[in-house]
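Right, one structure below, let's go through it.
Order of appearance sets the numbers: ligands from 1, and atoms from 1 within every ligand. Note that the coordinates shown come from a computational prediction; the quantities given were computed from them, not determined experimentally. Note: hydrogens, waters and symmetry copies are ignored here, and every other heavy atom, side chains too, is used. The first residue of the sequence shown is numbered 1, and numbering continues consecutively from there.
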Amino acid sequence: MKLPADTLTAPSHPIARLPAEWLERVAAWGEPAYRGKQIFDWIHRQGVLDPDQMSNLPKSLRQRLKDEGVGWPIDIVSAHESADRTKKLLIGTPDGEKVETVLIPQLGDERLVTQCISSQVGCAMGCVFCASGVAGLKRQMTDAEIVAQVLLGRRELGPDQRIRNVVFMGMGEPLHNYDAVARALVLLTHPDGIDLSKRRVTVSTSGLVRQIDRLGEDFDGQVQLAISLHAVRDEDRSTIMPVNRKHGLAELTDALRRYPLSKRQRITIEYTLIQGVNDSVRDAKEMVELLRGIPVKVNLIPMNPISTSDLRAPDSSHVTRFQEHLTRRGLSVFIRKTRGDDVAAACGQLAFHGDGPRSANP
Ligand code: SAH
Ligand code: SF4
């Protein structure tokens, strides 16, 4: 991995510092190096961000940390648990913005939790089927705000649960906030901190080609990549995803072929099924052609309705038939169950508070 030495930009907030950056800082204060390790351990391994609770630090150092602004950069405004035990946390920032993060226990083994996190307040990409896109970009989230979602998420778990996967599938386009996301990835996977496996952290993108290359280079292809495909012909994709007018399908699939995937790893293709838009037999056939030679697994997501659009999912038997057309031609295809529907918490369904989409998918 080339990061962090040469590419990472400076942290936005003390809680986004890496151990080496803490070592430097405590040295400047005349403290021994191990204090830097202790601070990183409190914040990232133990999830304690209040300096007063960092019991093995001397009082003077705790005061320094308080003066530096060590503390929670975001907080939980409200939490809603749905019937299927998916838990949506509404996150508030000091400047009054709101984003959402969702904890999704694995079906069949609730101890293993996937957390879906946000990377921007809103999104600039303007996909027509997406509530975040319709709202536009309000601001970037900081590295600290991105990581703190997971630190807060961990506090909401039951005693035998742990976060095993983190997916950047909440609000925002993570690769449009590359620097903050890259630092967050280093922090989330740091062995002395949260210690997630890189392969269990998924960055989902609508197709920012240069940043896909950069992610592959910076993390040696170890971070799991998910691509929001949603259409297989340029004219269709450009209609529902404006990003395609800049980076068309040929450019995107070239980037996927270049992505330095390790053996046995596959790129996730997300395909939100929209009735009459991208759900024909021809679409299925052309998807197989488009993805030929790229190691992929396909996730079909029946579209969750949003208030600003008439687009909707095909009925479930049609979804199954679409899946069959793909599997018959050799693709591995999963239908992503929309979980947490009753609190509008399903991943990819996150919107501004009060403007939440309503789901018609039972
Ligand atoms: N911006 C990134 C990640 C966030 S969106 C991206 O687009 O990949 C996470 C996933 O949810 C994406 O695949 C997105 O296309 C999908 N999604 C957005 N709106 C949706 C909706 N209304 N119904 C179903 N999936 C949706
Ligand atoms: Fe942004 Fe992703 Fe929504 Fe498109 S689907 S508007 S890229 S969050």
Is there an N/O/S atom in Cys130 that lies less than 2.8 Å from atom 3 (Fe) of ligand 2? yes
| With side chains defined as the heavy atoms from C-beta onward, is the minimum distance between Val113 and Lys87 less than 4.5 Å? | no
Within 4.0 Å of some non-hydrogen atom of Cys127, the atoms of ligand 2 are 4 (Fe), 5 (S), 6 (S), 7 (S)
If we number the atoms of ligand 1 from 1 as shown, the ones under 4.0 Å from a heavy atom of Met303 are 22 (N), 23 (N), 24 (C)
Ring-plane angle category for His230 and Phe129, please: parallel below 30°, perpendicular beyond 60°, tilted otherwise.
perpendicular
* May I ask you to check if ligand 1 and Cys123 share an N or O to N or O distance below 3.5 Å? => no
Can you find a non-hydrogen atom of Gly172 under 4.0 Å from ligand 1? yes
For Gly170, the atoms of ligand 1 under 4.0 Å from one of its heavy atoms are 4 (C)
re atom 6 (S) of ligand 2, the protein heavy-atom contact at minimum distance is Gly133 CA, 3.2 Å
Cys130 heavy atoms within 4.0 Å reach ligand 1 at atoms 18 (C), 19 (N)
Count the heavy atoms of every other residue, nucleotide or ligand shown that sit under 6.0 Å from NZ of Lys246, and state whether that count exceeds 12.
-> no
For Asn304, the ligand 1 atoms with a heavy-atom partner under 4.0 Å come out as 21 (C), 22 (N), 23 (N), 24 (C)
Any heavy atom of Thr205 under 4.0 Å from ligand 1? The part involved is backbone
Among Glu270, Met171, His230, the residue with a heavy atom nearest to atom 14 (C) of ligand 1 is His230
So for Cys123 against ligand 2, with non-hydrogen atoms under 4.0 Å, the contacting part is side chain
**hydrophobic_cluster_shared for Leu112 and Leu103, side chain cutoff 4.5 Å** = no
For Ser228, the atoms of ligand 1 under 4.0 Å from one of its heavy atoms are 6 (C), 7 (O), 8 (O), 12 (C), 13 (O), 14 (C), 15 (O)
### Message
Donor-acceptor pair, distance only, cut-off 3.5 Å: does the side chain of Asp254 make one with the backbone of Glu251?
### Response
no
Does ligand 1 come near enough to Arg336 that some N or O of the ligand is less than 3.5 Å from an N or O of the residue?
no
Tested for salt bridge (Lys or Arg N to Asp or Glu O under 4.0 Å) against Glu286, the lone hit among Arg292, Arg237, Arg233 is Arg233
Next item on the list: Decide whether the shortest distance between a heavy atom of Ser228 and an atom of ligand 2 is less than 4.0 Å.
Entry: no
Heavy atoms of Gln115 and Ile163 approach each other most closely as OE1-CD1, 3.2 Å
Can a non-hydrogen atom of Ser206 be found less than 4.0 Å from any atom of ligand 1?
yes
At under 4.0 Å between heavy atoms, what of Thr272 touches ligand 1? The answer is side chain
Query raised in the report: Going through the distances and angles, do Arg64 and Glu31 end up as a salt bridge (Lys or Arg N to Asp or Glu O under 4.0 Å)?
Result: CA-CA 11 Å; Arg64 285 236 195 233; Glu31 296 279 352; 5.9 Å; no
Would you call Ser132 a ligand 1 contact, heavy-atom distance under 4.0 Å?
-> no
Sidechain N-carboxylate O distance under 4.0 Å for Asp279, Arg321: no
Requested in this report: Kindly say whether Lys37 contributes a backbone atom to a donor-acceptor pair with the side chain of Asp41 at under 3.5 angstrom?
Outcome: no
